[in-house]
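What follows is a set of notes on a single structure, which appears directly below.
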Amino acid sequence: MVLSEHKSKKASAKIKESLDDLVHKLEQDDASSSSWSDSVESNREDWEHIKSQIHERQKALKQLVVNKKAGLVGVDEFEEKYRKLQDELAELETAVYNLRLGTDVK
């Protein structure tokens with residue numbers, strides 16, 4: 001029992017350290033700005049692709065709202081498409097953070 005508590009505390013400490021490291025990387029200081037620029041430059045093609053996909057999803061969301069207001073899309077269809085687009089945007093944001101931090105956070 002004591003051994004499993006020790007392992008649990010050790011795992012918690014490791015997770016906290018990992019999260020602290022991620023937060024530090026996200027801080028807005030000169031080092032993080034430089035890191036961001038370096039990341040963009042070294043992954044230019046990926047950045048452009050993700051930026052384009054985000055723009056497409058944002059346009060699709062805007063059009064979906066316009067279609068709903070115009071009565072071209074029912075509530076159920078709107079909710080389904082809205083959730084799908086929001087999920088896709090969340091995945092793209094995660095991809096941005098991963099490129100920015102050099103991680104593979106899911």
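Only a predicted model underlies this, so the values are computations on that prediction, with no experimental measurement involved.
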message = Evaluate Leu61 against Gln86 for side chain to side chain contact (heavy atoms under 4.5 Å, CB included), listing each step before the verdict.
response = CA-CA 8 Å; Leu61 267 176; Gln86 288 289 48; 3.8 Å; yes
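Evaluation of the side-chain hydrogen bond (donor to acceptor under 3.5 Å, both in side chains) rule for Glu77 yields Lys81 as partners, not counting sequence neighbours. When the side-chain hydrogen bond (donor to acceptor under 3.5 Å, both in side chains) test is applied to Asp46, no partner is found at least two apart in sequence or on another chain. Residues forming a side-chain contact (heavy atoms from CB on, under 4.5 Å) with Asn67 (at least two apart in sequence, or on another chain): Gln63, Leu72, Val73. Remark: Glu93 engages no residue in a side-chain hydrogen bond (donor to acceptor under 3.5 Å, both in side chains) (not counting sequence neighbours).
Val66 and Leu89 end up in different hydrophobic clusters when Ile, Leu, Val, Met, Phe, Trp and Tyr side chains are linked at under 4.5 Å.
Rounding to the nearest 0.5 Å places CG of Asn98 at 11.5 Å from CD of Glu91. Once rounded to the nearest 0.5 Å, the distance linking CG of Leu92 with CG of Leu85 reads 10.5 Å. Atom CG of Asp76 and atom CD of Glu80 lie 8.5 Å apart (nearest 0.5 Å).
Residue pairs meeting the salt bridge (charged side-chain N to carboxylate O under 4.0 Å, His left out) criterion with at least one partner in residues 48-66, sequence neighbours excluded, are Arg44-Glu48, Glu48-Lys51, Arg57-Glu88. Sequence neighbours left out, the pairs with a member in residues 49-79 that pass ring-ring contact (aromatic ring centres under 6.0 Å, His included) are Phe78-Tyr82.
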